Amino acid sequence: MPSFARRCPLFLWTIVPLFVCAPAAAQDIAPAEVLFNRGLADMDAGRYEAGCKALAESRRLDPRPGTLFTLAFCESRWGRVATAVTRLGDFLALVERMPPAQQAQQAERAAAAREERARLAPRVPELALSLPPDAPAGTVVIRDGQALGEASLGVGMPVDPGEHVVSTRAPGGTAWERRITIAEGEKKQLTLEVKEPPRVSEPARVSEPAPPPAASGGGEVSSGRRAAVYVAGGVGVAGVVLGGVMGALTFGKKSVVAEHCGAGIGNSREEACDVTGFDATRSASTTGLVSTLGFGVGLVGLGAAAVLYWTEPKQGDRATGAAPRWVGAGVIAVGPGATVIGARGVW
């Protein structure tokens, strides 16, 4: 006979017969029986952790009163006094719900359970966990992996002796964790800490870019527009110079044409020329065309430069609301012998 049976002669022999013979429809009895026997052997050998786990699994597969009773005493031997008291209470509540005939069969075990529960009750530790007054609403308290409801806070709750892990987490915050140790019969109160969630900083306001500095002088223009004025003015000056040079060359050819064409060579036809006159006439025609084009480009360039300069809005005009100045370049007049190009506007 196992040593646990010798120490518990009043109820052990009612455990195994009820375990084997009690009906368990639609339940896997064979694995439950194997686990029960292994758990009982580990318990008798002092291997309470392994024995209690095997008995708990056997009860899950086949929840019989005898298995619950044996598991409660295993927890007691293991030192898990709070768990043992709870399981003994579950067993006694189960017996009370049985018919009178079955209660009579469980009488000896019920008496042993009451005696064991009374012996263990003073040894059960109590742990009261509280949150600080300024804890954010919705803060979660976890003890040994189980979340505690608000009603469980600040109240001494039975726990097994040994180490326990408690933690808190505020909404949006990080977890705070602490390990505590409590002895048999000890009553401990602990106010937990809470890590506040990080404050969300307001997004930085993007300042509007400062307006460009106003022109210091009435006639000063922006750098981009000034460059355009310089370019157009340079082209205009170059065109006028080219036109003047080519015009001078054309004028110089006039005397050569007079000496070697028409009356200069004794011919009544003015267009009749010798070789020198013919070359001078052709050269004068070319330089004259280039001179005309040069003067045209020059006048257009100078007109564009004047338009860019005089149509630039000035600071004084903005402040007083004066009408803007403008200049337009183009053909002013066309006659039978000449075309007049110029500029007109308001400034």
Side-chain angles (χ1 to χ4, degrees), residues 4-5 7-8 10-29 31-44 47-127 143-149 151-152 155-162 164 182 184-185:
F4 176 66
R7 289 194 296 269
C8 306
L10 294 178
F11 50 80
L12 177 63
W13 293 111
T14 59
I15 297 175
V16 178
L18 286 173
F19 181 87
V20 176
C21 301
Q27 298 195 4
D28 200 346
I29 298 177
E33 183 177 359
V34 171
L35 289 169
F36 179 85
N37 292 333
R38 190 178 73 182
L40 193 63
D42 287 336
M43 176 182 169
D44 188 61
R47 297 187 294 268
Y48 299 117
E49 181 176 0
C52 291
K53 291 181 178 180
L55 290 171
E57 181 64 12
S58 174
R59 179 174 178 266
R60 188 187 68 83
L61 296 175
D62 189 8
R64 301 196 179 194
T67 308
L68 177 58
F69 177 82
T70 307
L71 177 59
F73 273 85
C74 182
E75 300 281 7
S76 175
R77 301 284 179 84
W78 189 10
R80 292 160 51 93
V81 291
T83 303
V85 168
T86 300
R87 295 196 185 279
L88 289 169
D90 292 342
F91 173 76
L92 292 173
L94 180 62
V95 172
E96 291 179 359
R97 294 193 298 269
M98 292 180 179
Q102 292 184 8
Q103 288 185 8
Q105 294 177 358
Q106 301 291 334
E108 292 185 359
R109 280 192 290 184
R114 293 188 187 94
E115 181 181 352
E116 182 70 6
R117 187 175 63 171
R119 185 181 71 85
L120 296 177
R123 298 166 52 188
V124 175
E126 292 184 1
L127 178 62
R143 185 194 68 204
D144 299 327
Q146 299 293 326
L148 301 182
S152 300
V155 180
M157 305 297 291
V159 295
D160 289 321
H164 298 270
I182 191 168
E184 284 192 4

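Just so it is clear, the values below take in all heavy atoms, side chains as well, and ignore hydrogens, waters and symmetry mates. Not measured: the values here are computed from a predicted model.
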Completion exercise
To the nearest 0.5 Å, atom OG1 of T67 lies from atom CZ of R87 at 11.5 Å
Fill in the blank from the handout: Scanning both residues in full, the closest heavy-atom pair of D160 with I182 reads O-CG2, 3.9 Å
Practice task
May I have the step-by-step check of side-chain contact (heavy atoms from CB on, under 4.5 Å) for M98 and Q105, ending in yes or no?
Solution key: CA-CA 10 Å; M98 292 180 179; Q105 294 177 358; over 6 Å; no
Handout entry: Test item: L127 and M157 side chains (from C-beta on) under 4.5 Å apart, heavy atoms
Key = no
Exercise for the section: For residues R38 and V34, determine if any side-chain heavy atom of one lies less than 4.5 Å from a side-chain heavy atom of the other. Expected result: no
Completion exercise
Closest non-hydrogen contact found for C52 with E75 is SG-N, 3.6 Å
Problem - From CD (E33) to CG (L61), nearest 0.5 Å - result: 12.5 Å
Problem - Minimum heavy-atom distance L88-A72, with the two atoms named - result: CD2-CB, 3.5 Å
Practice task
Would you indicate whether the side-chain heavy atoms of S152 and R143 approach each other to under 4.5 Å?
Solution key: no
Handout entry: Where Y48 and C74 come nearest, the two heavy atoms and their spacing
Key = O-SG, 3.6 Å
Fill in the blank from the handout: Correct closest heavy-atom pair for A82 and V124 would be CB-CG1, 3.8 Å
Practice task
Answer whether the closest heavy-atom distance between the side chains of F36 and R64 falls below 4.5 Å.
Solution key: no
Practice task
Would you mind reporting whether R109 and V95 have side-chain heavy atoms less than 4.5 Å apart?
Solution key: no
Exercise for the section: For residues P158 and V85, determine if any side-chain heavy atom of one lies less than 4.5 Å from a side-chain heavy atom of the other. Expected result: no
Handout entry: Crowding at CD, E115 (>12 non-hydrogen neighbours, <6.0 Å)
Key = no
Problem - Heavy-atom side-chain proximity of T70 to L40 below 4.5 angstrom - result: yes
Fill in the blank from the handout: CG (L55) and CZ (F69) are apart, to the nearest 0.5 Å, by 12.5 Å
Handout entry: Validation row: N37, S58 side chains within 4.5 angstrom (heavy atoms)
Key = no
Problem - E49/K53 salt bridge by N-O under 4.0 Å criterion - result: yes
Handout entry: Exercise: identify the closest heavy-atom pair between P161 and G79
Key = CD-O, 3.5 Å
